[in-house]
Protein chains: 2
Amino acid sequence: MGPVQQIADSLESEIAGSAPGDRLPSEHALMRRFGATRTRVRRAIELLEARFLVRRAQGAGTFVNRRIDYLVSPEGAPSLHRTVERAGGVPRTFLIDAVEREAPADIAEFLDLDAGSPCTRLVRLAYIDDQIATCAEEWIAPGVLDNVDVSLRAIESLAEVLRGTRRDPVRAWSRVATDFAPADMAARLETRETTPTWCLETLTRDGAGGAALMFSRSWLRQDRVRVVIQFGER
Amino acid sequence: MGPVQQIADSLESEIAGSAPGDRLPSEHALMRRFGATRTRVRRAIELLEARFLVRRAQGAGTFVNRRIDYLVSPEGAPSLHRTVERAGGVPRTFLIDAVEREAPADIAEFLDLDAGSPCTRLVRLAYIDDQIATCAEEWIAPGVLDNVDVSLRAIESLAEVLRGTRRDPVRAWSRVATDFAPADMAARLETRETTPTWCLETLTRDGAGGAALMFSRSWLRQDRVRVVIQFGER
DNA sequence: GAGCATTTGTCCGTATGTATT
DNA sequence: CAATACATACGGACAAATGCT
């Protein structure tokens, strides 16, 4: 076992006994403790970072990372908000944009829209322990919601809002994959364009086979959320 | 735009015009061409590697990578073999182990087995263009197959074999996630334990709600296969 | 099989850059 | 502004794997 791996193993057992958000000793402190060069110490921390065990922030330090398991199934997914809470984390959601605009062609097709008809597009960010975790773009068919910009600022689940308008939102279609987020998304997620990111797309209809209500495309950082897809009966 | 990004962009457009398996110029040749240090050239190639565009082999060189899109849905997945062929790649499958042994507790539960009853465990490797891509462990319930070790050496799909025994294999339950492969799996996949890897688990039953036939757990390298999970109707 | 050149992988020590506190 | 902490870069050296002779 190489010296880098030894340092990594030692740090890993140390992490196991600490809570998400805790700060690790600085790289210089670790150099002294292990009598190693900075290169080795950094390599060791990079191993932990690759496994999403720690998070590093320039100027601030290295911290124990929190990663959430998020279960997706055809029956629907619990809100990320609640999932985070249950894991002991602090979820926060922000609406950062709400505009009327024409949807891109592929999305308009999902929503059964005529070309040129404008729909409401929301952009929302979700944080876990004040760390950016996901960004969702949501296209809402015309006439489905009013004053969303007002009513949504503090609401974490669009499904709940839709239910409030006497609709019965059901997940009609979903696709999950990992991909490289486009530049604007990567910027919002404060991540590099070279890191694979979850992309979860969902078409919501009103009741089974009813009118298309909404198409959403969520990007989720792999280091903050672990998406698990499950279907069928045991 | 930094010098590293410029080199990466230049190489990327070069890659776009070449075929999977093609070799890139060596790092030294690129140093001369771009008048850059090895650090910068390597960083640039690492950017391409992170996006799965190239593959590097010590002592051999850097090559244009082939990555397969693999669609998984509740209705079932086409065989990886056929998916690779359709993309223009060369698929190959090897049975590397076939033993009678007791299944681990969690898997025995899936197969409705009593503790201690032995089942057949197969381990199979799949290659794309002679590059290791996936490793599957398959536990087959007692009495379902005979002489599998003989009959399976050249067969790429277990479902076809099961159909040959007058069964009706259906995908009853599945779970997909990315995870870090255990050490033995990482070794078989010739990958590091720090790279997230697809894990696809499936329970196969005989007809709808029938007897449990098989539980399989496949690990798929993210750089060779892009798993896309899709369910529902548009 | 042995030997050799090529190619990528890893590491070192040092210096400088940049974000945070 | 100063101190601290992580990020990036350089040039060089050696290791390890590959492929050819």
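Letters A, B, ... mirror the listed sequences (proteins, then strands); counts begin at 1.
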Considering only [options], which nucleotide approaches the side chain of [X] most closely?
X: B:R43; options: D:dG11, D:dA5, D:dA9; answer: D:dA9
X: B:R42; options: D:dC6, C:dG9, C:dT7; answer: C:dG9
X: B:S26; options: D:dC6, C:dT7, C:dC11; answer: C:dT7
X: B:R192; options: C:dT10, D:dC6, D:dA9; answer: C:dT10

Residue-phosphate contact under 4.0 Å: [X] side-chain N/O, [N] OP1/OP2:
X: B:R40; N: D:dA9; result: no
X: A:T62; N: D:dC6; result: yes
X: A:R56; N: D:dA5; result: no

Tell me: [atom1] of [X] to [atom2] of [N], nearest whole Å?
X: A:L47; N: C:dG9; atom1: CG; atom2: P; value: 16 Å
X: B:E46; N: C:dT7; atom1: CD; atom2: P; value: 19 Å
X: A:M31; N: D:dT4; atom1: CE; atom2: C1'; value: 14 Å
X: A:F63; N: D:dA5; atom1: CZ; atom2: P; value: 11 Å
X: B:E190; N: C:dG9; atom1: CD; atom2: C1'; value: 16 Å
X: A:E49; N: D:dA5; atom1: CD; atom2: C1'; value: 14 Å
X: A:L48; N: D:dC6; atom1: CG; atom2: C1'; value: 15 Å
X: A:H28; N: D:dA3; atom1: NE2; atom2: P; value: 15 Å

Spatial distance of atom CG (B:L53) from atom CG (B:L11) [nearest 0.5 Å]: 10.5 Å
From B:M214 atom CE to B:L162 atom CG, the distance as rounded to the nearest 0.5 Å: 5.5 Å
Min side-chain heavy-atom separation [X]-[Y] under 4.5 Å:
X: B:R217; Y: B:M185; answer: no
X: B:T195; Y: B:T197; answer: yes
X: B:V84; Y: B:V90; answer: no

Tabulate protein N/O versus nucleotide N/O from nucleotides 3-5 of chain C, keeping only pairs under 3.5 Å, one per line.
none

Ionic contact status for B:E46 with A:R192, cut-off 4.0 Å: no
Note: A:E190-A:R55 ion pair, threshold 4.0 Å (strictly below): no
Aromatic ring proximity B:W173/B:F110, centre distance under 6.0 Å: yes
Residues, nucleotides or ligands: over 12 heavy atoms within 6.0 Å of B:R86 CZ: no
Within 6.0 angstrom of A:R43 CZ, more than 12 heavy atoms from elsewhere: no
Pairwise N/O distances under 3.5 Å, protein to nucleotides 14-17 of chain D:
from   : atom 1 : to    : atom 2 : distance (Å)
D:dA16 : O4'    : B:Q58 : OE1    : 3.3
D:dA16 : N3     : B:Q58 : OE1    : 2.8

Sugar-phosphate, base or nothing in reach of A:R23, heavy atoms under 4.0 Å: sugar-phosphate
